[in-house]
Chemist: 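Structure provided below as structure tokens; questions to follow.
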Amino acid sequence: MKRGFTVKRTAAVTGFALLGLLGACGERELILPGERFDVRAPLDASVPTEGNPAPADRSGLSANRSLPVALPAATVNASWPQRGGNAAHLAPHASLSAAPQLVWSSDIGAGNSRRNRISAAPVVAEGRVFTMDAMSDVQATSTGGAQLWRVDITPPSDRATDLSGGGLAYGAGRLFATTGFGELVALDPATGAVLWRQKLGAPATGAPMVEGETVYVTGRDSSAWAIDASNGRVRWQLPGAPSSTGMIGGSAPAMAGGTVLFPFNSGQMIAVLREGGSQLWSSQVAGERLGRAYTGFRDITGDPVVSGGTIYVGSSAGRTLAMSAASGETLWSADEGALAPVAVAGGSVFLVSDEARLVRLDAATGSVIWSVDMPYWENATPKRRKGITAHYGPVLAGGRLLVASSDGLVRFFNPADGALVGSAELPGGAAAQPALAGGTLYVVAANGKLLAFR
């Protein structure tokens, strides 16, 4: 009897508890006052302080401002010999018409596929546009669109479908190509003949950089190389901090006076004396964007850009830094990752972020002046998302910022306030960073075409 009484009493207590809970459900929800922030927004961005007003959008960024920007005069640059336009990656303000139109397209070989990808940005020199397709075919095309030569630089012991990656640079009268097969190849720019090959011992999926009679290359094992441009002999070599992950089409070394800057896929960057290869300093592009799986890749994707005594560099993990070129000391850090060389002009830094935003930063402080959302998902419907739209740029041309995108458009933005001021159809969608020379915009499309806009 006693045992049964205990069971009944427990049931009664439970019933009263349920009635209490049901009663509580009828109460009105208490809505706390205050501003709501995205759960992924950095904590410091949600705390209003002097110089850091409360964000006005879901991204946690400051409210957009329209500020005048004093741009240098646009120039008709004759060449674009390296990624970023030159050895410092400080691209010029290039001349371009107000409403550029597609004037010709030329086949350059294999386009993107599930197995292979185009990663090399075009370079322009000696009246030729040099490109590399997804299968390591290098081609020279005239500035009028005629194919001049094409050569497969895949090593004889490998198959072109095995690997992707690599980049191009022109200098010392030669064309240089890095490959995912772990080689630096020198070509005759007039004929495409292979002049020499140098094995690097690891894939070199980023572009080379040429200054004087030396080619500088970063290997995927975080090794730094200085190679004689005339014969392919190694002048010096340095190890870096290795990483097991990295991006196809990574960044290229940069030149800062007599110092060479080597970016690595670990997020480390080292400064090395051009003569002799002695290391001066090492720095890390530290920090990551919370809530994004891709931040496990800490590759330096925003090639170091040298402007005066400052280096601007960004990572795929959601950070862009300004560093002292003399010491490597971090001057400021912005919570936006740069996926290509930033554009620096008029006291501002312009970049395409890891979250598909075109952003203008104050070059002195790193604070956001404005931020513009661009297409992110290829299909915005939550259950039908297939991939992410790739954006290449920005490049300053004709008084505007241009971004070439994989969704089939070249977009033009006002650098003062970020307003979209025009666009041009880009058949096939962009597959790599654009190049500008002679008043012409050159873009490699994902379908294996080289497109020219004037």
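The analysis underlying the following values was restricted to heavy atoms, covering all of them including side chains, and did not include hydrogens, waters or symmetry mates.
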Chemist: Under 3.5 Å, side chain of Trp370 to main-chain N/O of Ala416, donor-acceptor pair present?
Modeler: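 Yes, the answer is positive, given that a donor and an acceptor are paired below the 3.5 Å cut-off.
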Chemist: Examine distances only and state if a side-chain atom of Ser348 and a backbone atom of Arg360 form a donor-acceptor pair shorter than 3.5 Å.
Modeler: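 Between the backbone of Arg360 and the side chain of Ser348 there is no qualifying donor-acceptor contact (under 3.5 Å).
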Chemist: Can you tell me if Gln82 uses its side chain to pair, donor with acceptor, with the backbone of Val210 under 3.5 Å?
Modeler: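 Between the backbone of Val210 and the side chain of Gln82 there is a qualifying donor-acceptor contact (under 3.5 Å).
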Chemist: Does any pair with a residue in residues 266-286 pass salt bridge (Lys or Arg N to Asp or Glu O under 4.0 Å), and if so which ones, sequence neighbours excluded?
Modeler: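 For residues 266-286, and leaving out neighbouring residues, there are no salt bridge (Lys or Arg N to Asp or Glu O under 4.0 Å) pairs at all.
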Chemist: Please collect all salt bridge (Lys or Arg N to Asp or Glu O under 4.0 Å) contacts where either partner lies in residues 300-317, sequence neighbours excluded, each pair once.
Modeler: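 Residue pairs with at least one partner in residues 300-317: Arg83-Asp303.
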Chemist: Ser423: which residues meet the side-chain contact (heavy atoms from CB on, under 4.5 Å) condition with it, sequence neighbours left out?
Modeler: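 Expected list: Leu409.
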Chemist: Check for a donor-acceptor pair, side chain of Ser315 on one end and backbone N or O of Gly337 on the other, with a separation under 3.5 Å.
Modeler: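 No.
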Chemist: Is there a salt bridge (Lys or Arg N to Asp or Glu O under 4.0 Å) between Arg65 and Asp362 once you walk through the steps?
Modeler: CA-CA 11 Å; Arg65 293 172 287 161; Asp362 186 303; over 6 Å; no
Chemist: Taking side-chain hydrogen bond (donor to acceptor under 3.5 Å, both in side chains) as the definition, give me every residue that meets it alongside Tyr170, ordered by chain and number, with sequence neighbours left out.
Modeler: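 With neighbours one apart ignored, the set is Glu126.
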Chemist: Answer yes or no: is there a side-chain heavy-atom contact under 4.5 Å between Leu401 and Val403?
Modeler: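 No, their side chains stay 4.5 Å or more apart.
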Chemist: Test your reading of the model: is there a side-chain donor-acceptor pair from Thr178 to the backbone of Gly206, 3.5 Å cut-off?
Modeler: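 Confirmed, Thr178 side chain pairs with Gly206 backbone.
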Chemist: Would you confirm whether His93, through its side chain, and Thr75, through its main-chain N or O, come within 3.5 Å as a donor-acceptor pair?
Modeler: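 No: the side chain of His93 does not pair with the backbone of Thr75.
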Chemist: Which pairs count as salt bridge (Lys or Arg N to Asp or Glu O under 4.0 Å) when at least one residue sits in residues 178-194, sequence neighbours excluded?
Modeler: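 Residue pairs with at least one partner in residues 178-194: Glu183-Arg197, Glu183-Lys199.
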Chemist: Are Val194 and Leu187 packed together at the side-chain level, in the sense that at least one heavy-atom pair is separated by less than 4.5 angstrom?
Modeler: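 Heavy-atom side-chain distance check passes, below 4.5 Å.
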Chemist: Do other residues, nucleotides or ligands put more than 12 heavy atoms under 6.0 Å from the CD atom of Glu329?
Modeler: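 Atom CD in Glu329 is not crowded, with 12 or fewer foreign heavy atoms closer than 6.0 Å.
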Chemist: Is it true that a side-chain atom of Asn112 and a backbone atom of Ile118 form a donor plus acceptor pair closer than 3.5 Å?
Modeler: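 Pair found, side chain donor or acceptor close to backbone of Ile118.
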Chemist: Check step by step if side chain to side chain contact (heavy atoms under 4.5 Å, CB included) holds for Leu420 and Val372.
Modeler: CA-CA 9 Å; Leu420 179 66; Val372 176; over 6 Å; no
Chemist: Mind checking whether Asp335 and Arg319 have side chains closer than 4.5 Å, heavy atoms only?
Modeler: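 Heavy-atom side-chain distance check passes, below 4.5 Å.
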Chemist: Between Trp281 and Ser283, do the side chains contain a donor N or O and an acceptor N or O under 3.5 Å apart?
Modeler: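 Looking only at side-chain atoms, Trp281 and Ser283 do not form any donor-acceptor pair under 3.5 Å.
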Chemist: Less than 4.5 Å apart, any side-chain heavy atom of Gln198 and any of Val215?
Modeler: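 Answer no - side chains too far apart.
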Chemist: Is Val368 close to Leu361 at the side-chain level, that is, under 4.5 Å between some pair of heavy atoms?
Modeler: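 SC-SC contact between Leu361 and Val368 confirmed.
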Chemist: Between Ser251 and Ile300 (side chain of the first, backbone of the second, donor and acceptor by atom type, cut-off under 3.5 Å), is there such a pair?
Modeler: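 Indeed, once roles are kept as given, a pair shorter than 3.5 Å links the two residues.
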Chemist: Aromatic rings Phe262 and Trp236: how do their planes relate, parallel, tilted or perpendicular, breaks at 30° and 60°?
Modeler: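 Rings of Phe262 and Trp236: perpendicular, over 60°.
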Chemist: Could you tell me whether a side-chain N or O of Trp149 sits under 3.5 Å from a main-chain N or O of Pro189, the two making a donor and an acceptor?
Modeler: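 The answer is yes, because a donor-acceptor pair under 3.5 Å joins these two groups.
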Chemist: Could you give the side-chain donor-acceptor pairs of residues 431-447 under 3.5 Å, partners two or more places apart or in another chain?
Modeler:
from, atom 1, to, atom 2, distance (Å)
Gln433, OE1, Gly393, N, 3.0
Thr440, OG1, Arg454, NE, 2.8
Asn447, OD1, Lys449, N, 3.4

